[in-house]
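In what follows, a structure is listed as C-alpha coordinates, so that the remarks can point back to it.
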Amino acid sequence: MKLSVLLFAAAREIACRDSIDIDVPDSGTVAQARMSLFEAVPALESSAATLLWAVNNEFANEERILRESDVVACFPPVSGG
Amino acid sequence: MKLSVLLFAAAREIACRDSIDIDVPDSGTVAQARMSLFEAVPALESSAATLLWAVNNEFANEERILRESDVVACFPPVSGG
Amino acid sequence: MIELTQQAIDFSALTEAVRDHRAGAVVLFLGTVREFTGDIQTSWLEYEAFPEMAEAALNRLEAECRERFTVVGVAIAHRYGRLELGDVSVAVAVSSPHRAQAFDAGRWVIDTLKNTVPIWKKEHYTDGAAEWLHPESAPGSLSGNGDTELES
Amino acid sequence: MIELTQQAIDFSALTEAVRDHRAGAVVLFLGTVREFTGDIQTSWLEYEAFPEMAEAALNRLEAECRERFTVVGVAIAHRYGRLELGDVSVAVAVSSPHRAQAFDAGRWVIDTLKNTVPIWKKEHYTDGAAEWLHPESAPGSLSGNGDTELES
(Lines give C-alpha, C1' and ligand atoms only; values in the text may rest on other atoms or scores of the structure.)
Protein backbone atom coordinates (compact mmCIF):
# COMPACT_ATOMS: atom_id res chain seq x y z
CA MET A 1 0.00 0.00 0.00
CA LYS A 2 0.99 3.64 -0.47
CA LEU A 3 1.56 5.78 2.62
CA SER A 4 2.41 9.41 2.99
CA VAL A 5 4.85 10.19 5.82
CA LEU A 6 4.83 13.70 7.28
CA LEU A 7 8.29 15.06 8.11
CA PHE A 8 9.14 17.80 10.61
CA ALA A 9 12.05 19.95 11.76
CA ALA A 10 15.52 18.60 10.88
CA ALA A 11 13.98 15.52 9.22
CA ARG A 12 11.98 17.82 6.93
CA GLU A 13 15.03 19.91 6.12
CA ILE A 14 17.25 16.90 5.41
CA ALA A 15 14.62 15.41 3.08
CA CYS A 16 13.93 18.81 1.52
CA ARG A 17 10.17 18.21 1.75
CA ASP A 18 7.44 18.13 4.37
CA SER A 19 5.98 14.77 3.33
CA ILE A 20 7.05 11.80 1.28
CA ASP A 21 5.13 8.93 -0.33
CA ILE A 22 6.47 5.45 0.38
CA ASP A 23 5.46 1.86 -0.34
CA VAL A 24 4.77 -0.46 2.60
CA PRO A 25 3.45 -4.06 2.41
CA ASP A 26 -0.20 -4.44 3.42
CA SER A 27 -0.30 -4.77 7.25
CA GLY A 28 3.29 -3.56 7.30
CA THR A 29 4.80 -2.08 10.44
CA VAL A 30 6.48 1.18 11.37
CA ALA A 31 9.81 -0.68 11.06
CA GLN A 32 9.00 -1.43 7.42
CA ALA A 33 7.93 2.16 6.78
CA ARG A 34 11.24 3.25 8.21
CA MET A 35 13.17 1.03 5.79
CA SER A 36 11.20 2.46 2.88
CA LEU A 37 11.83 6.00 4.11
CA PHE A 38 15.59 5.44 4.33
CA GLU A 39 15.62 3.95 0.81
CA ALA A 40 13.92 7.09 -0.45
CA VAL A 41 16.04 9.48 1.65
CA PRO A 42 19.38 7.79 2.54
CA ALA A 43 20.56 10.96 4.33
CA LEU A 44 18.05 10.25 7.12
CA GLU A 45 19.54 6.86 7.95
CA SER A 46 22.36 8.24 10.10
CA SER A 47 19.69 9.65 12.43
CA ALA A 48 17.74 6.38 12.61
CA ALA A 49 18.35 5.88 16.33
CA THR A 50 16.80 9.18 17.34
CA LEU A 51 13.94 9.55 14.86
CA LEU A 52 10.49 9.19 16.39
CA TRP A 53 7.32 7.97 14.72
CA ALA A 54 3.72 8.90 15.27
CA VAL A 55 0.54 7.30 13.95
CA ASN A 56 -2.75 9.18 14.16
CA ASN A 57 -1.30 11.81 16.52
CA GLU A 58 0.19 9.34 19.00
CA PHE A 59 3.74 8.11 19.36
CA ALA A 60 4.14 4.64 17.83
CA ASN A 61 6.76 1.93 18.31
CA GLU A 62 8.36 -0.21 15.60
CA GLU A 63 5.87 -3.04 15.89
CA ARG A 64 2.85 -0.84 15.23
CA ILE A 65 0.90 -2.18 12.22
CA LEU A 66 -0.07 0.43 9.67
CA ARG A 67 -3.27 0.88 7.69
CA GLU A 68 -3.73 2.85 4.50
CA SER A 69 -5.88 5.46 6.28
CA ASP A 70 -3.27 6.15 9.01
CA VAL A 71 -1.65 9.56 9.37
CA VAL A 72 2.03 8.71 9.75
CA ALA A 73 4.73 11.15 10.81
CA CYS A 74 8.48 10.96 11.41
CA PHE A 75 10.51 13.57 13.29
CA PRO A 76 13.48 14.16 15.63
CA PRO A 77 13.08 14.27 19.44
CA VAL A 78 10.82 17.17 20.37
CA SER A 79 12.35 20.36 21.79
CA GLY A 80 9.47 22.74 22.49
CA GLY A 81 8.78 24.67 25.62
CA MET B 1 12.47 54.27 81.06
CA LYS B 2 9.10 54.50 79.33
CA LEU B 3 8.53 52.40 76.22
CA SER B 4 5.58 52.14 73.88
CA VAL B 5 4.85 48.62 72.62
CA LEU B 6 2.95 48.25 69.37
CA LEU B 7 0.39 45.42 69.37
CA PHE B 8 -1.01 43.60 66.34
CA ALA B 9 -3.70 41.10 65.39
CA ALA B 10 -5.02 38.96 68.27
CA ALA B 11 -2.63 40.67 70.73
CA ARG B 12 -4.13 44.03 69.76
CA GLU B 13 -7.67 42.71 70.10
CA ILE B 14 -7.04 41.08 73.50
CA ALA B 15 -5.47 44.29 74.83
CA CYS B 16 -8.19 46.43 73.22
CA ARG B 17 -5.58 48.90 71.97
CA ASP B 18 -2.89 49.08 69.27
CA SER B 19 -0.10 50.25 71.56
CA ILE B 20 0.60 50.33 75.26
CA ASP B 21 3.06 52.31 77.38
CA ILE B 22 5.13 50.29 79.85
CA ASP B 23 7.97 50.89 82.31
CA VAL B 24 11.24 49.05 81.78
CA PRO B 25 14.48 49.49 83.78
CA ASP B 26 17.19 51.38 81.88
CA SER B 27 19.08 48.85 79.71
CA GLY B 28 16.24 46.42 80.33
CA THR B 29 15.63 43.45 78.02
CA VAL B 30 12.75 42.17 75.94
CA ALA B 31 12.13 39.66 78.77
CA GLN B 32 11.61 42.55 81.18
CA ALA B 33 9.33 44.36 78.72
CA ARG B 34 7.30 41.19 78.46
CA MET B 35 6.81 41.05 82.25
CA SER B 36 5.69 44.68 82.25
CA LEU B 37 3.29 44.00 79.39
CA PHE B 38 1.70 41.04 81.19
CA GLU B 39 1.29 43.13 84.35
CA ALA B 40 -0.54 45.74 82.29
CA VAL B 41 -2.59 43.21 80.29
CA PRO B 42 -2.86 39.91 82.23
CA ALA B 43 -5.05 38.39 79.50
CA LEU B 44 -1.98 38.21 77.22
CA GLU B 45 -0.04 36.01 79.61
CA SER B 46 -1.71 32.76 78.52
CA SER B 47 -0.26 33.36 75.04
CA ALA B 48 3.22 34.09 76.34
CA ALA B 49 4.80 31.07 74.65
CA THR B 50 3.72 32.08 71.17
CA LEU B 51 4.03 35.87 71.25
CA LEU B 52 6.84 37.27 69.14
CA TRP B 53 8.79 40.48 69.67
CA ALA B 54 10.35 42.88 67.22
CA VAL B 55 12.71 45.79 67.80
CA ASN B 56 13.26 48.35 65.04
CA ASN B 57 11.56 46.15 62.43
CA GLU B 58 13.52 42.99 63.17
CA PHE B 59 12.59 39.97 65.23
CA ALA B 60 14.25 40.11 68.67
CA ASN B 61 14.93 37.45 71.29
CA GLU B 62 14.46 37.75 75.06
CA GLU B 63 18.03 38.87 75.75
CA ARG B 64 17.80 41.85 73.43
CA ILE B 65 18.61 45.05 75.37
CA LEU B 66 16.20 47.93 74.80
CA ARG B 67 16.83 51.65 74.42
CA GLU B 68 14.35 54.45 74.84
CA SER B 69 14.41 55.25 71.10
CA ASP B 70 13.60 51.67 70.04
CA VAL B 71 10.40 50.83 68.18
CA VAL B 72 9.13 47.75 70.03
CA ALA B 73 6.32 45.51 68.85
CA CYS B 74 4.61 42.38 70.17
CA PHE B 75 2.39 40.10 68.11
CA PRO B 76 1.30 36.49 67.51
CA PRO B 77 3.01 34.24 64.93
CA VAL B 78 2.57 35.72 61.47
CA SER B 79 0.01 34.20 59.10
CA GLY B 80 0.20 36.20 55.87
CA GLY B 81 0.48 34.90 52.34
CA MET C 1 10.80 45.24 43.79
CA ILE C 2 8.41 44.93 46.71
CA GLU C 3 4.98 46.38 47.36
CA LEU C 4 2.69 46.42 50.38
CA THR C 5 -0.69 47.77 49.37
CA GLN C 6 -4.35 48.07 50.29
CA GLN C 7 -5.30 48.10 46.59
CA ALA C 8 -5.80 45.18 44.20
CA ILE C 9 -2.51 43.61 43.10
CA ASP C 10 -1.75 44.00 39.38
CA PHE C 11 -0.11 40.60 38.79
CA SER C 12 0.37 41.28 35.06
CA ALA C 13 2.48 44.35 35.79
CA LEU C 14 4.40 42.38 38.43
CA THR C 15 5.14 39.66 35.85
CA GLU C 16 6.16 42.18 33.21
CA ALA C 17 8.52 43.75 35.75
CA VAL C 18 10.62 40.56 35.97
CA ARG C 19 10.65 39.65 32.26
CA ASP C 20 14.13 40.10 30.81
CA HIS C 21 16.13 39.02 27.77
CA ARG C 22 18.56 37.31 30.14
CA ALA C 23 15.78 35.09 31.51
CA GLY C 24 14.35 31.97 29.87
CA ALA C 25 11.80 31.28 32.60
CA VAL C 26 9.31 33.26 34.68
CA VAL C 27 7.32 31.84 37.59
CA LEU C 28 4.41 33.74 39.11
CA PHE C 29 2.68 32.62 42.30
CA LEU C 30 -0.65 34.06 43.40
CA GLY C 31 -2.32 33.44 46.75
CA THR C 32 -6.08 33.90 46.36
CA VAL C 33 -8.94 33.96 48.85
CA ARG C 34 -10.50 30.50 48.90
CA GLU C 35 -14.18 30.02 49.68
CA PHE C 36 -14.22 26.56 51.23
CA THR C 37 -11.90 24.81 53.67
CA GLY C 38 -13.58 21.46 54.06
CA ASP C 39 -17.15 22.33 55.06
CA ILE C 40 -16.26 25.74 56.47
CA GLN C 41 -17.34 28.58 54.20
CA THR C 42 -15.37 31.81 54.21
CA SER C 43 -17.24 35.04 53.59
CA TRP C 44 -14.31 37.46 53.48
CA LEU C 45 -10.79 37.89 54.86
CA GLU C 46 -9.06 40.62 56.79
CA TYR C 47 -5.29 40.98 56.56
CA GLU C 48 -3.60 43.12 59.20
CA ALA C 49 -0.04 44.31 58.63
CA PHE C 50 2.70 45.97 60.65
CA PRO C 51 3.52 48.08 57.60
CA GLU C 52 7.01 49.42 58.42
CA MET C 53 8.35 46.04 59.49
CA ALA C 54 6.51 44.17 56.72
CA GLU C 55 8.15 46.36 54.06
CA ALA C 56 11.56 45.83 55.66
CA ALA C 57 10.92 42.06 55.78
CA LEU C 58 9.83 41.97 52.13
CA ASN C 59 12.99 43.82 51.11
CA ARG C 60 15.12 41.35 53.09
CA LEU C 61 13.24 38.50 51.41
CA GLU C 62 14.03 39.86 47.95
CA ALA C 63 17.70 40.33 48.84
CA GLU C 64 18.02 36.84 50.30
CA CYS C 65 16.29 35.33 47.27
CA ARG C 66 18.90 36.98 45.04
CA GLU C 67 21.67 35.52 47.21
CA ARG C 68 20.26 31.99 47.28
CA PHE C 69 19.11 31.56 43.68
CA THR C 70 20.24 32.42 40.17
CA VAL C 71 17.50 34.90 39.44
CA VAL C 72 17.27 37.92 37.16
CA GLY C 73 14.15 39.65 38.52
CA VAL C 74 12.25 39.30 41.81
CA ALA C 75 8.97 41.11 42.57
CA ILE C 76 6.81 40.55 45.65
CA ALA C 77 3.48 42.22 46.44
CA HIS C 78 1.26 41.69 49.50
CA ARG C 79 -2.16 43.20 49.99
CA TYR C 80 -3.81 43.98 53.33
CA GLY C 81 -7.17 45.22 54.54
CA ARG C 82 -10.44 43.56 53.58
CA LEU C 83 -10.31 40.97 50.77
CA GLU C 84 -13.22 39.25 49.08
CA LEU C 85 -13.43 35.70 47.73
CA GLY C 86 -11.06 35.16 44.81
CA ASP C 87 -9.02 38.30 45.49
CA VAL C 88 -5.22 38.05 45.20
CA SER C 89 -3.63 38.45 48.65
CA VAL C 90 -0.02 37.90 47.63
CA ALA C 91 1.92 37.70 44.36
CA VAL C 92 5.51 36.56 43.82
CA ALA C 93 7.18 36.82 40.40
CA VAL C 94 10.71 35.62 39.66
CA SER C 95 12.67 35.19 36.46
CA SER C 96 15.76 33.10 35.89
CA PRO C 97 17.86 31.84 33.00
CA HIS C 98 16.57 28.33 33.74
CA ARG C 99 13.21 27.05 34.93
CA ALA C 100 14.36 24.89 37.85
CA GLN C 101 15.78 27.96 39.61
CA ALA C 102 12.65 29.99 38.81
CA PHE C 103 10.38 27.36 40.40
CA ASP C 104 12.67 26.84 43.40
CA ALA C 105 13.06 30.58 44.01
CA GLY C 106 9.32 31.28 43.72
CA ARG C 107 8.49 28.51 46.15
CA TRP C 108 11.18 29.56 48.60
CA VAL C 109 9.92 33.17 48.59
CA ILE C 110 6.30 32.31 49.35
CA ASP C 111 7.24 29.69 51.96
CA THR C 112 9.62 32.10 53.71
CA LEU C 113 7.23 35.04 53.42
CA LYS C 114 4.56 33.11 55.31
CA ASN C 115 6.98 32.59 58.21
CA THR C 116 8.73 35.95 58.40
CA VAL C 117 6.60 38.86 57.19
CA PRO C 118 4.46 40.47 59.95
CA ILE C 119 1.02 40.12 58.40
CA TRP C 120 -1.93 38.33 59.99
CA LYS C 121 -5.01 36.81 58.44
CA LYS C 122 -8.45 36.81 60.06
CA GLU C 123 -11.15 34.64 58.49
CA HIS C 124 -14.74 35.81 58.59
CA TYR C 125 -17.11 32.90 58.04
CA THR C 126 -20.57 32.86 56.54
CA ASP C 127 -22.01 31.85 59.94
CA GLY C 128 -20.80 35.17 61.38
CA ALA C 129 -17.86 33.74 63.31
CA ALA C 130 -14.35 35.10 62.86
CA GLU C 131 -10.91 33.87 63.85
CA TRP C 132 -7.27 34.68 63.45
CA LEU C 133 -5.67 31.83 61.55
CA HIS C 134 -2.83 29.81 62.94
CA PRO C 135 0.33 29.92 60.92
CA GLU C 136 1.56 26.69 59.33
CA SER C 137 4.66 26.28 61.41
CA ALA C 138 3.56 27.49 64.83
CA PRO C 139 0.63 25.47 66.10
CA GLY C 140 -1.14 26.93 69.12
CA SER C 141 -1.38 30.67 68.68
CA LEU C 142 -3.76 33.12 70.24
CA SER C 143 -7.20 32.10 69.10
CA GLY C 144 -9.18 29.86 66.82
CA ASN C 145 -8.52 26.26 65.93
CA GLY C 146 -6.95 26.45 62.47
CA ASP C 147 -4.49 23.86 61.31
CA THR C 148 -2.18 23.49 58.34
CA GLU C 149 -5.04 22.45 56.08
CA LEU C 150 -6.40 25.95 56.32
CA GLU C 151 -3.38 27.30 54.48
CA SER C 152 -2.96 27.67 50.75
CA MET D 1 -7.95 24.76 28.23
CA ILE D 2 -5.19 24.43 25.66
CA GLU D 3 -4.06 26.72 22.88
CA LEU D 4 -1.55 26.35 20.03
CA THR D 5 -1.07 29.69 18.35
CA GLN D 6 1.13 31.76 16.09
CA GLN D 7 0.10 34.94 17.93
CA ALA D 8 1.48 36.43 21.15
CA ILE D 9 0.33 34.52 24.24
CA ASP D 10 -1.92 36.53 26.58
CA PHE D 11 -0.61 35.19 29.90
CA SER D 12 -2.91 37.45 31.94
CA ALA D 13 -5.99 35.95 30.30
CA LEU D 14 -4.54 32.47 30.81
CA THR D 15 -4.05 33.21 34.51
CA GLU D 16 -7.54 34.67 34.88
CA ALA D 17 -8.92 31.52 33.24
CA VAL D 18 -7.68 29.31 36.12
CA ARG D 19 -8.58 31.65 39.03
CA ASP D 20 -11.43 30.19 41.05
CA HIS D 21 -13.03 30.60 44.47
CA ARG D 22 -12.17 26.97 45.17
CA ALA D 23 -8.44 27.68 44.67
CA GLY D 24 -6.09 29.30 47.16
CA ALA D 25 -3.04 29.18 44.90
CA VAL D 26 -2.23 29.91 41.26
CA VAL D 27 1.11 29.15 39.60
CA LEU D 28 1.97 30.55 36.18
CA PHE D 29 5.06 29.46 34.26
CA LEU D 30 6.33 31.38 31.23
CA GLY D 31 9.07 30.23 28.89
CA THR D 32 10.67 33.28 27.27
CA VAL D 33 13.27 33.69 24.52
CA ARG D 34 16.64 34.21 26.17
CA GLU D 35 19.35 36.25 24.47
CA PHE D 36 22.53 34.65 25.82
CA THR D 37 23.52 31.05 26.47
CA GLY D 38 27.03 31.42 27.79
CA ASP D 39 28.77 33.46 25.11
CA ILE D 40 26.40 32.45 22.33
CA GLN D 41 24.01 35.23 21.37
CA THR D 42 20.60 34.35 20.01
CA SER D 43 19.03 36.65 17.43
CA TRP D 44 15.62 35.01 17.10
CA LEU D 45 13.94 31.63 17.44
CA GLU D 46 11.80 29.56 15.14
CA TYR D 47 9.35 27.05 16.60
CA GLU D 48 7.97 24.42 14.24
CA ALA D 49 4.89 22.42 15.26
CA PHE D 50 3.01 19.36 14.06
CA PRO D 51 -0.23 21.18 14.86
CA GLU D 52 -2.79 18.35 14.91
CA MET D 53 -0.64 16.08 17.08
CA ALA D 54 0.57 18.95 19.26
CA GLU D 55 -3.01 19.93 20.11
CA ALA D 56 -3.86 16.31 20.88
CA ALA D 57 -0.73 16.03 23.07
CA LEU D 58 -1.57 19.27 24.93
CA ASN D 59 -5.09 17.99 25.61
CA ARG D 60 -3.67 14.71 26.94
CA LEU D 61 -1.27 16.71 29.11
CA GLU D 62 -4.11 18.69 30.66
CA ALA D 63 -6.13 15.53 31.31
CA GLU D 64 -3.16 13.74 32.89
CA CYS D 65 -2.37 16.77 35.05
CA ARG D 66 -5.93 16.66 36.39
CA GLU D 67 -5.51 12.96 37.19
CA ARG D 68 -2.16 13.33 38.93
CA PHE D 69 -2.70 16.51 40.96
CA THR D 70 -5.41 18.19 43.00
CA VAL D 71 -5.99 21.07 40.64
CA VAL D 72 -8.98 23.29 39.92
CA GLY D 73 -7.95 24.92 36.63
CA VAL D 74 -5.28 24.01 34.04
CA ALA D 75 -4.45 26.17 31.01
CA ILE D 76 -1.57 25.58 28.59
CA ALA D 77 -0.60 27.71 25.60
CA HIS D 78 2.28 27.18 23.16
CA ARG D 79 3.29 29.58 20.42
CA TYR D 80 5.04 28.63 17.18
CA GLY D 81 6.50 30.46 14.20
CA ARG D 82 9.12 33.19 14.53
CA LEU D 83 9.76 34.55 18.06
CA GLU D 84 11.91 37.51 19.04
CA LEU D 85 14.02 37.97 22.18
CA GLY D 86 11.88 38.11 25.31
CA ASP D 87 8.76 36.71 23.64
CA VAL D 88 6.73 34.13 25.54
CA SER D 89 6.98 30.73 23.82
CA VAL D 90 4.95 28.73 26.31
CA ALA D 91 2.67 29.48 29.26
CA VAL D 92 1.28 27.08 31.85
CA ALA D 93 -1.25 28.20 34.47
CA VAL D 94 -2.65 25.96 37.19
CA SER D 95 -4.76 26.61 40.26
CA SER D 96 -5.19 24.41 43.30
CA PRO D 97 -6.63 24.63 46.79
CA HIS D 98 -3.06 24.50 48.16
CA ARG D 99 0.21 25.90 46.89
CA ALA D 100 2.34 22.75 47.02
CA GLN D 101 0.07 21.05 44.49
CA ALA D 102 0.00 24.18 42.30
CA PHE D 103 3.81 24.32 42.15
CA ASP D 104 4.16 20.56 41.61
CA ALA D 105 1.49 20.49 38.89
CA GLY D 106 2.94 23.50 37.04
CA ARG D 107 6.40 22.02 37.07
CA TRP D 108 5.17 18.60 35.96
CA VAL D 109 3.26 20.11 33.04
CA ILE D 110 6.20 22.08 31.65
CA ASP D 111 8.66 19.21 32.19
CA THR D 112 6.33 16.72 30.49
CA LEU D 113 5.41 19.13 27.69
CA LYS D 114 9.06 19.45 26.73
CA ASN D 115 9.30 15.67 26.31
CA THR D 116 5.99 14.84 24.67
CA VAL D 117 4.54 17.67 22.56
CA PRO D 118 5.72 17.63 18.91
CA ILE D 119 7.23 21.09 18.66
CA TRP D 120 10.82 21.87 17.66
CA LYS D 121 12.99 24.87 18.34
CA LYS D 122 15.57 26.27 15.92
CA GLU D 123 17.99 28.88 17.24
CA HIS D 124 19.17 31.62 14.90
CA TYR D 125 22.36 33.20 16.22
CA THR D 126 23.69 36.70 15.71
CA ASP D 127 26.62 35.28 13.71
CA GLY D 128 24.18 33.99 11.08
CA ALA D 129 24.37 30.32 12.10
CA ALA D 130 21.23 28.35 12.92
CA GLU D 131 20.63 25.00 14.57
CA TRP D 132 17.86 22.77 15.78
CA LEU D 133 18.23 22.40 19.53
CA HIS D 134 18.68 19.07 21.20
CA PRO D 135 16.01 18.17 23.71
CA GLU D 136 17.03 17.79 27.33
CA SER D 137 16.41 14.08 27.64
CA ALA D 138 17.56 12.78 24.26
CA PRO D 139 21.18 13.72 23.61
CA GLY D 140 22.35 13.19 20.06
CA SER D 141 19.60 14.28 17.70
CA LEU D 142 19.77 15.37 14.10
CA SER D 143 22.01 18.42 14.05
CA GLY D 144 23.76 21.03 16.11
CA ASN D 145 25.61 20.57 19.37
CA GLY D 146 23.11 21.75 21.99
CA ASP D 147 23.17 20.36 25.48
CA THR D 148 20.94 20.65 28.51
CA GLU D 149 22.35 24.04 29.39
CA LEU D 150 20.65 25.46 26.35
CA GLU D 151 17.27 24.74 27.86
CA SER D 152 15.24 27.02 30.07
Side-chain angles (χ1 to χ4, degrees), chain C residues 10-16 18-38 41-42 45 72-73 84-111 113-114 121 136 148-152, chain D residues 10-16 18-38 41-42 45 72-73 84-111 113-114 121 136 148-152:
Chain C
D10 183 346
F11 66 82
S12 294
L14 207 77
T15 306
E16 292 293 355
V18 303
R19 286 177 65 182
D20 192 293
H21 287 186
R22 291 168 291 171
V26 174
V27 167
L28 170 71
F29 172 82
L30 302 179
T32 59
V33 179
R34 196 178 56 214
E35 182 168 12
F36 280 100
T37 298
Q41 189 175 9
T42 295
L45 283 192
V72 177
E84 308 296 332
L85 297 179
D87 280 352
V88 175
S89 57
V90 61
V92 175
V94 296
S95 61
S96 172
H98 303 287
R99 72 182 186 280
Q101 284 282 297
F103 275 106
D104 289 348
R107 194 160 187 163
W108 179 87
V109 168
I110 184 63
D111 287 350
L113 180 154
K114 283 176 177 263
K121 174 161 49 181
E136 292 173 17
T148 58
E149 290 199 352
L150 291 167
E151 298 296 312
S152 64
Chain D
D10 183 345
F11 66 81
S12 294
L14 208 77
T15 306
E16 292 293 355
V18 302
R19 285 178 65 183
D20 192 293
H21 287 187
R22 291 168 291 172
V26 174
V27 167
L28 170 71
F29 171 83
L30 302 180
T32 58
V33 179
R34 195 177 58 215
E35 181 168 14
F36 282 100
T37 298
Q41 190 176 9
T42 295
L45 283 192
V72 176
E84 309 296 334
L85 296 179
D87 281 352
V88 175
S89 57
V90 61
V92 175
V94 295
S95 62
S96 170
H98 303 286
R99 71 182 186 281
Q101 284 281 297
F103 274 107
D104 289 347
R107 193 160 190 164
W108 179 87
V109 168
I110 185 61
D111 287 350
L113 180 154
K114 284 176 175 264
K121 173 160 51 180
E136 292 173 15
T148 59
E149 290 198 351
L150 290 166
E151 299 295 317
S152 65

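What you see is a predicted model, and the numbers here were worked out from it, not measured in a lab. Just so it is clear: chains get the letters A, B, ... in the order the sequence lines come, proteins before strands, and each one is counted from 1.
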Does any heavy atom of chain D fall under 4.5 Å from the side chain of [X], the backbone, both, or neither of them?
X: C:D10; value: neither
X: C:R107; value: both
X: C:V88; value: both

message: For the CG atom of D:D87 and the NE2 atom of C:H21, what is their distance to the nearest 0.5 Å?
response: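 Nearest 0.5 Å value for the CG-NE2 distance: 8.0 Å.
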
field: Spacing of CD belonging to D:E16 relative to OG belonging to C:S12, to within rounding of 0.5 Å
entry: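 Atom-to-atom, D:E16:CD and C:S12:OG are 7.0 Å apart.
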
message: Could you check whether any side-chain N or O of D:R19 sits under 3.5 Å from a backbone N or O of C:G86, counting only pairs where one atom can act as donor and the other as acceptor?
response: yes

query: So, the side chain of D:R34 versus the backbone of C:P97: is there a donor-acceptor pair under 3.5 Å, distance only?
result: yes

Side-chain donor-acceptor pairs under 3.5 Å in residues 23-30 of chain D, sequence neighbours left out?
none

